[in-house]
Amino acid sequence: MKPTGSHGLLALDWQSGNRSVLVDHELSGLIIGLTLQTPPEDVYRALLESTAFGTRKIIETFNESGVPVREFIAAGGLIKNRVLMQLYSDVLHMPISIIDSEQGPALGSAIHAAVAAEAYQDVQQASDHMGQLREHVYVPDPAASAIYDRLYADYVTLHDYFARLLRPRRQ
């Protein structure tokens, strides 16, 4: 695998719009830095990075709005991608814990059903008994995080520029 940040690409993760910070489902994604020689694995890596950058933007927006994000817990199919999970940890500067279940959505449903059936007083108590968490499975690599900080600054510039550039045209 190539070193962090060496592929020279930067992407915006708006392939399905931006439904969080900008709340505009019509925005479209982009990738800059492509050449005819860009290998597909570099494009894939840039797209993975863009989703991590988008997540960091969401977390920063929560924090700036007085809703502190203190931990990051991952669930679902993406936890099977170790490269992606490490990348998220590096970009977010946060350890990532993962649920210890192959069937996260089913477990969540079972937890809520147990509360509805009055087997537990509340969701917190049910999840404490029924769910398991593997804490800090992924921890940030300081060297990779420093590189991602520079790329993230460029991502934010693109994010803000294209949000302002494209949004007025759609109103």
Side-chain angles (χ1 to χ4, degrees), residues 1-35 38-99 101 104-105 108 133-171:
M1 184 179 331
K2 292 180 180 179
T4 301
S6 66
H7 54 63
L9 303 175
L10 187 61
L12 283 177
D13 56 324
W14 299 344
Q15 283 70 23
S16 294
N18 181 294
R19 288 169 166 74
S20 53
V21 176
L22 300 173
V23 194
D24 187 341
H25 69 278
E26 292 184 4
L27 292 172
S28 61
L30 65 87
I31 302 172
I32 61 170
L34 287 171
T35 70
T38 302
E41 61 270 19
D42 287 356
V43 174
Y44 179 66
R45 176 80 182 216
L47 292 171
L48 293 180
E49 290 168 348
S50 74
T51 65
F53 294 148
T55 300
R56 180 170 166 176
K57 183 71 171 158
I58 292 167
I59 289 172
E60 287 180 355
T61 301
F62 274 121
N63 289 334
E64 291 164 5
S65 300
V67 181
V69 176
R70 296 187 183 100
E71 66 179 329
F72 195 92
I73 301 171
L78 294 179
I79 65 174
K80 295 176 185 177
N81 186 331
R82 299 176 62 83
V83 170
L84 179 64
M85 291 293 96
Q86 184 61 53
L87 192 152
Y88 265 66
S89 182
D90 295 340
V91 168
L92 300 177
H93 291 269
M94 297 177 76
I96 296 181
S97 301
I98 59 175
I99 65 166
S101 171
L133 184 66
R134 292 191 288 157
E135 293 187 9
H136 303 152
V137 174
Y138 300 95
V139 294
D141 173 341
S145 291
I147 293 167
Y148 281 131
D149 283 346
R150 292 192 303 272
L151 291 171
Y152 178 69
D154 292 339
Y155 172 89
V156 170
T157 299
L158 280 178
H159 176 280
D160 294 348
Y161 179 77
F162 279 97
R164 283 191 306 273
L165 176 70
L166 297 176
R167 292 180 99 193
R169 292 182 184 172
R170 292 194 166 93
Q171 294 177 358

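Worth knowing before you read on, the calculation uses all heavy atoms, side chains too, and leaves out hydrogens, waters and symmetry mates. All values derive from a computational prediction rather than experimental measurement.
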Quick one: closest heavy-atom pair of [X] and [Y], and the distance?
| X | Y | value |
| --- | --- | --- |
| Leu133 | Ile98 | CD1-O, 3.4 Å |
| Ser89 | Pro95 | OG-CA, 4.1 Å |
| Ala75 | Ile99 | CB-CD1, 3.5 Å |
| Ala11 | Ile31 | CB-CG1, 3.9 Å |
| Thr38 | Val43 | CG2-CG2, 3.8 Å |
| His93 | Asp149 | NE2-OD1, 2.6 Å |

Stepwise side chain to side chain contact (heavy atoms under 4.5 Å, CB included) test for Arg45 and Val83: CA-CA 9 Å; Arg45 176 80 182 216; Val83 170; 3.9 Å; yes
To the nearest 0.5 Å, tell me how far [X] [atom1] sits from [Y] [atom2].
| X | Y | atom1 | atom2 | result |
| --- | --- | --- | --- | --- |
| Arg134 | Ile79 | CZ | CD1 | 6.5 Å |
| Tyr44 | Leu9 | OH | CG | 15.0 Å |
| Lys80 | Met85 | NZ | CE | 12.5 Å |
| Leu158 | Ile32 | CG | CD1 | 4.5 Å |
| Lys57 | Ile59 | NZ | CD1 | 12.5 Å |
| Asp141 | Gln86 | CG | CD | 6.5 Å |

Go through Leu78 and Tyr88 one step at a time and tell me if the side chain to side chain contact (heavy atoms under 4.5 Å, CB included) criterion holds. CA-CA 11 Å; Leu78 294 179; Tyr88 265 66; 5.7 Å; no
Angle between ring planes, His159 versus Tyr155, binned at 30° and 60°: parallel, tilted or perpendicular?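 Judged by the thresholds at 30° and 60°, the geometry between His159 and Tyr155 is tilted.
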Using the six-membered ring wherever Trp is involved, compare the ring planes of Tyr148 and Phe53 and label them parallel, tilted or perpendicular (cut-offs 30° and 60°). perpendicular
Sidechain N-carboxylate O distance under 4.0 Å for Asp90, Arg56: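 Salt bridge flag = no for Arg56 with Asp90.
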With a 3.5 Å distance limit and no angle check, can you tell me whether Ser145 reaches the backbone of Val91 through a side-chain donor-acceptor pair? no
